[in-house]
Peer 1: 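Dumping the structure here so I can ask a few things about it.
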Amino acid sequence: MTQQPHAKPPTAEEGQQPPVWGETNRPAGPAPGTAGWQGPPADTSWQTGGLVFAGILMMVNGIVAILQGISALASDDVYDRISEYVYEISLTGWGVILVCLGALAAVVGWGILKGMWWARMTGIFLASLNMVAHFLFMPYQPAWSVLMVAIDFFVIWALATAPGKSRDAAPAGR
């Protein structure tokens, strides 16, 4: 069972480590709530990995979208014919849309991998636009469109939560 309430807790002299909430384990520096406190150090390695993965996904998604657009432009029998669709666009129109979005996504993905700030902001916008486009493209390729909406959701999340510039480089007035 657990320790009895009236029992004395073990001390450091008895070979036990002091509790993590004790005074000996308190970090040096300003206390929480004071002017110089910057918060706990954050382990952002998983977020940085998500950022790299999002950049790679954007580049691959862009290249695949270019190829999809070229196939839609080259041959009208590649995708299913849909009748009576509210957001109906010809396959030539979809081909142009996919080639343009694909080229932008590939360039933005490259910018994300290079660490450019503009690419992260543009990537969020472009992934949102791509999400809407694949929602509208769903009747033509349902499984692929659902997969692309999920990938775009991940890309938006990864770009939005990735660590920004270093906390040490922040302005002093913050």
Side-chain angles (χ1 to χ4, degrees), residues 17 19-72 86-87 89 93-174:
Q17 293 290 333
V20 294
W21 58 86
E23 290 295 322
T24 57
N25 288 323
R26 181 166 292 173
T34 61
W37 192 65
Q38 294 182 348
D43 177 25
T44 59
S45 60
W46 65 273
Q47 291 172 322
T48 305
L51 182 65
V52 170
F53 190 55
I56 292 170
L57 280 176
M58 292 264 318
M59 284 183 62
V60 170
N61 180 19
I63 292 167
V64 169
I66 290 171
L67 295 174
Q68 278 183 311
I70 290 171
S71 68
V86 175
Y87 305 109
I89 298 175
W94 276 117
V96 170
I97 290 170
L98 288 172
V99 167
C100 292
L101 281 177
L104 286 172
V107 169
V108 169
W110 175 79
I112 290 168
L113 291 177
K114 288 294 197 178
M116 298 177 187
W117 182 254
W118 65 265
R120 285 179 58 182
M121 295 300 107
T122 307
I124 291 172
F125 172 74
L126 193 59
S128 302
L129 192 61
N130 200 28
M131 187 183 285
V132 171
H134 275 93
F135 175 76
L136 297 176
F137 195 67
M138 203 171 288
Y140 298 98
Q141 288 288 318
W144 179 256
S145 293
V146 168
L147 176 68
M148 291 310 298
V149 167
I151 287 174
D152 287 331
F153 180 80
F154 170 77
V155 167
I156 292 168
W157 173 81
L159 293 176
T161 61
K165 296 182 171 99
S166 172
R167 199 182 275 187
D168 299 332
R174 228 165 88 156

Peer 1: So Val155 and Met131, side chain to side chain contact (heavy atoms under 4.5 Å, CB included) or not? Walk me through it.
Peer 2: CA-CA 10 Å; Val155 167; Met131 187 183 285; over 6 Å; no
Peer 1: Do Leu113 and Val52 have side chains that get closer than 4.5 Å, going by heavy atoms?
Peer 2: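 Leu113 vs Val52: side chains touch.
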Peer 1: Do side-chain atoms of Ser71 reach the backbone of Gln68 as a donor and acceptor pair under 3.5 angstrom?
Peer 2: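 A pair under 3.5 Å: yes.
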Peer 1: Using the side-chain contact (heavy atoms from CB on, under 4.5 Å) criterion, which residues pair with Val146? Sequence neighbours excluded.
Peer 2: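 Testing Val146 for side-chain contact (heavy atoms from CB on, under 4.5 Å), a comparison that skips the adjacent residues, returns Met138.
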Peer 1: Might you point out which heavy atoms bring Val149 and Phe135 nearest each other, and give the distance in Å?
Peer 2: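 That closest heavy-atom pairing would be CG2-N, 4.2 Å.
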Peer 1: If I compare all heavy atoms of Ile156 with all of Ala127, which pair ends up nearest, and what's the gap?
Peer 2: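 For Ile156 and Ala127, the tightest heavy-atom pair comes out as CG1-CB, 3.6 Å.
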Peer 1: Name all residues meeting the side chain to side chain donor-acceptor pair (under 3.5 Å) criterion together with Asn130; count only those two or more places apart in sequence or in a different chain, and write none if there are none.
Peer 2: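 Per chain and number, Asn130 pairs via side chain to side chain donor-acceptor pair (under 3.5 Å) with His134, Asp152.
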Peer 1: To check you understand the geometry: which heavy-atom pair defines the closest contact between Leu101 and Ala133, and what is its length?
Peer 2: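 Reported closest heavy-atom pair: CD1-CB, 3.9 Å.
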Peer 1: Please name the pair of heavy atoms, one in Leu126 and one in Val108, separated by the smallest distance, quoted to 0.1 Å.
Peer 2: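 So the minimum-distance heavy-atom pair works out to CD2-CG2, 4.1 Å.
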Peer 1: Return the set of residues passing side-chain contact (heavy atoms from CB on, under 4.5 Å) with Val60 (not counting sequence neighbours), or none when no residue passes.
Peer 2: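 Result, side-chain contact (heavy atoms from CB on, under 4.5 Å) vs Val60: Ile56, Val64.
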Peer 1: Phe154: which residues meet the side-chain contact (heavy atoms from CB on, under 4.5 Å) condition with it, sequence neighbours left out?
Peer 2: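 Expected list: Phe53, Leu57, Trp157, Ala158.
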Peer 1: Which residues pass the side-chain contact (heavy atoms from CB on, under 4.5 Å) test with Met116, sequence neighbours left out?
Peer 2: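 side-chain contact (heavy atoms from CB on, under 4.5 Å) check on Met116 returns Trp110, Lys114, Trp118, Ala119.
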Peer 1: Which pair of heavy atoms, one from Ala54 and one from Leu159, lies closest together, and at what distance?
Peer 2: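 Heavy atoms of Ala54 and Leu159 come nearest at CB-CD2, 4.3 Å.
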Peer 1: Quick one: CG on Leu98 to CZ on Phe137, what's the gap to the nearest 0.5 Å?
Peer 2: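 One finds 5.5 Å between CG of Leu98 and CZ of Phe137.
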Peer 1: Rounded at 0.5 Å granularity, tell me how far OG1 in Thr122 sits from CG in Leu129.
Peer 2: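 Answer rounded to 0.5 Å: 12.0 Å.
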